[in-house]
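Numbers restart at 1 for each chain; the letters A, B, ... are given by sequence-line order, proteins then strands.
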There are 2 protein chains.
Amino acid sequence: MANPSKHEVKQRMARFEQVCREARVRLTHQRLEIFREVAQTGDHPDAEMVYKRVRERMPTVSLDTVYRTLWLLNDHGLITTLGPSRERTRFDANLASHHHFVCIRCGLTRDFYSEELDDLKLPRSAKAFGWIEATLVEVRGVCRECAGNTATAKKPNK
Amino acid sequence: MANPSKHEVKQRMARFEQVCREARVRLTHQRLEIFREVAQTGDHPDAEMVYKRVRERMPTVSLDTVYRTLWLLNDHGLITTLGPSRERTRFDANLASHHHFVCIRCGLTRDFYSEELDDLKLPRSAKAFGWIEATLVEVRGVCRECAGNTATAKKPNK
DNA sequence: TTAGGTGCAAATTCTTTGCACCCTG
DNA sequence: CAGGGTGCAAAGAATTTGCACCTAA
């Protein structure tokens, strides 16, 4: 398993406590356990998975607390989401090899092309996971419209 | 707008008709319009957006037909999805710069590190979209377990 | 003490499904 | 003309919210 080291987990927990204190966010048992669960695994669980695992140690947590806590952690920069956060599935008819620019404020996603990027040299650690079909580069940034217009920004999660 | 050229759209439509015929999938008005909608835009719409736009031309389509058709097109390789298809939001406590290996069969996602990949040279076309915060590489492939065990594969969408 | 946080249950939102009728091949 | 495809309505999932009680600071 490619889980973070004990040391790394400790660092994450420390940062979590620090950020919570600075932001005046209460350190409850639930939050502690929910964060610990995400911090100590390398497999990027979804809310349901976190819920199941935390419940083993803390049988009274509720799923809605897990959701609330995960988004809270996300809003405070303690965790991130894989792929576009809180969005529905989006479709793409471009079958040619291409890459994406994604605006982290409004979600705008545009294709771009680069032969150089289509054929990246990958480190051994990446190849070790299995057979590789394709690599694609996701460029995260702020699109021109959002950069020029603060109001375009997505509302933070409360 | 970075939409595909008229010529490109025509090619996509032609491929669509060809694939449908080969797969014995009926070419209905609905499918034609739904595919056209995805094929002619560069903005990666979700099901709801496709529905709204198609309905302007074809006021009787239903949302469920849009869903069914999009997944059908996906299953036949005529379109793809952005990010992990049909999955819920997944969380990640790894704040260090890193990249992902994603198994296209089972969804396994693992981190890997590469200073070289952290600092890719991007083409001008990518920079033109706006301010760039970070780039991350997504390696798509088949993990070792799935490669060795066909049964692990995710069921195709019916 | 006291405002923020939690669990519960109900509400929403998004997506899928069953069924009778319709239309492509 | 036959069987796949569609629209409708209803079911199912996934996620969020209102509220009364609880608890960290």
Side-chain angles (χ1 to χ4, degrees), chain A residues 16-35 37 45-52 54-55 57-76 78-79 81-91 107 154-158, chain B residues 16-35 37 45-52 54-55 57-76 78-79 81-91 107 154-158:
Chain A
F16 162 70
E17 299 201 4
Q18 187 201 329
V19 169
C20 284
R21 261 191 278 278
E22 280 173 12
R24 298 287 139 85
V25 165
R26 292 190 185 172
L27 268 122
T28 61
H29 298 303
Q30 289 87 338
R31 287 177 179 166
L32 201 71
E33 292 307 319
I34 290 165
F35 179 74
E37 193 51 54
D46 61 25
E48 192 78 37
M49 262 191 262
V50 173
Y51 173 58
K52 279 200 192 111
V54 168
R55 208 165 39 159
R57 282 175 268 140
M58 186 182 254
T60 59
V61 273
S62 61
L63 180 57
D64 57 87
T65 294
V66 172
Y67 275 106
R68 279 189 285 229
T69 302
L70 288 172
W71 290 120
L72 176 119
L73 296 169
N74 180 67
D75 292 345
H76 286 276
L78 286 161
I79 62 177
T81 57
L82 255 49
S85 119
R86 286 190 164 182
E87 279 200 7
R88 327 210 190 95
T89 305
R90 291 166 64 168
F91 298 86
K154 228 176 207 175
K155 285 169 238 92
N157 306 315
K158 256 234 234 58
Chain B
F16 162 71
E17 299 201 3
Q18 186 201 331
V19 169
C20 284
R21 260 192 278 278
E22 279 174 11
R24 300 284 139 84
V25 165
R26 293 189 184 172
L27 268 123
T28 61
H29 296 304
Q30 288 88 338
R31 287 178 179 165
L32 200 71
E33 290 309 317
I34 290 166
F35 179 74
E37 194 49 58
D46 62 24
E48 194 77 36
M49 259 189 265
V50 174
Y51 174 58
K52 277 197 194 115
V54 169
R55 209 165 39 158
R57 281 175 270 139
M58 186 183 254
T60 59
V61 274
S62 62
L63 181 56
D64 57 271
T65 294
V66 172
Y67 275 105
R68 279 188 285 227
T69 302
L70 288 171
W71 291 120
L72 175 117
L73 295 170
N74 180 67
D75 293 346
H76 286 276
L78 286 161
I79 61 178
T81 58
L82 256 49
S85 119
R86 288 193 162 177
E87 280 201 7
R88 330 212 185 92
T89 305
R90 292 167 63 169
F91 297 88
K154 229 176 207 172
K155 286 170 237 86
N157 304 314
K158 253 229 239 64

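In terms of modelled atom types and a separation under 3.5 Å, the side chain of B/Thr65 and the main chain of B/Val61 share no donor-acceptor contact.
Contact of the A/Arg90 side chain with the B/Thr81 side chain is not registered, since no non-hydrogen atoms from C-beta on lie closer than 4.5 Å. Side-chain contact check for B/Phe35 versus B/Thr69: every heavy-atom pair is 4.5 Å or farther apart. Between B/Phe16 and B/Leu73, the closest side-chain pair of non-hydrogen atoms falls below 4.5 Å. At a threshold of 4.5 Å between non-hydrogen side-chain atoms, the residues B/Leu82 and A/Glu87 do not count as touching.
Listed nucleotides D/dC8, C/dT6, C/dG25 differ in distance to A/Thr28; the shortest reach to its side chain belongs to C/dT6. If you check D/dG7, D/dG3, C/dG7 against the side chain of A/Val61, the one that comes closest is C/dG7. The side chain of A/Val25 lies closest to C/dG5 when the candidates are D/dG7, C/dT16, C/dG5. In this structure, the nucleotide among C/dG18, D/dT16, D/dG18 sitting nearest to the side chain of A/Arg86 is D/dT16. With distances taken from any side-chain atom of A/Trp71 to the nucleotides D/dG7, D/dT16, C/dT6, the minimum falls on D/dT16. The side chain of B/Arg26 approaches D/dA2 more closely than any other nucleotide in the set D/dA2, D/dA25, C/dT6. Among D/dC8, D/dT6, C/dG7, the nucleotide with an atom closest to any side-chain atom of B/Arg31 is D/dT6.
Contact annotation for B/Arg24: no contact, since no heavy-atom pair falls under 4.0 Å across all strands.
If you find the closest nucleotide of DNA chain D to A/Glu48 and to B/Thr60, the one lying nearer the 5' end belongs to B/Thr60. Nearest-nucleotide positions on DNA chain D for B/Arg68 and A/Tyr67 put B/Arg68 closer to the 5' end. Positionally, the nearest nucleotide of DNA chain C for A/Gln30 lies more toward the 5' end than for the other of A/Thr89 and A/Gln30.
Taking the side chain to side chain donor-acceptor pair (under 3.5 Å) definition, one finds that B/Tyr67 meets it with nothing, sequence neighbours left out.
Considering only side-chain N and O atoms, B/His29 lies under 4.0 angstrom from the phosphate OP1 or OP2 of C/dT24. Contact annotation: B/Thr65 side-chain N/O to D/dG7 OP1/OP2 distance is under 4.0 Å.
Contact annotation: side chain of B/Arg21 to base of C/dG25, donor-acceptor pair absent below 3.5 Å.
Note that the two end axes of the helix from C/dT1-D/dA25 to C/dG25-D/dC1 enclose an angle of 50°, each drawn from 5 base pairs, rounded to 10 degrees.
A salt bridge links A/Glu17 to A/Arg21: at least one charged side-chain nitrogen sits closer than 4.0 Å to a carboxylate oxygen.
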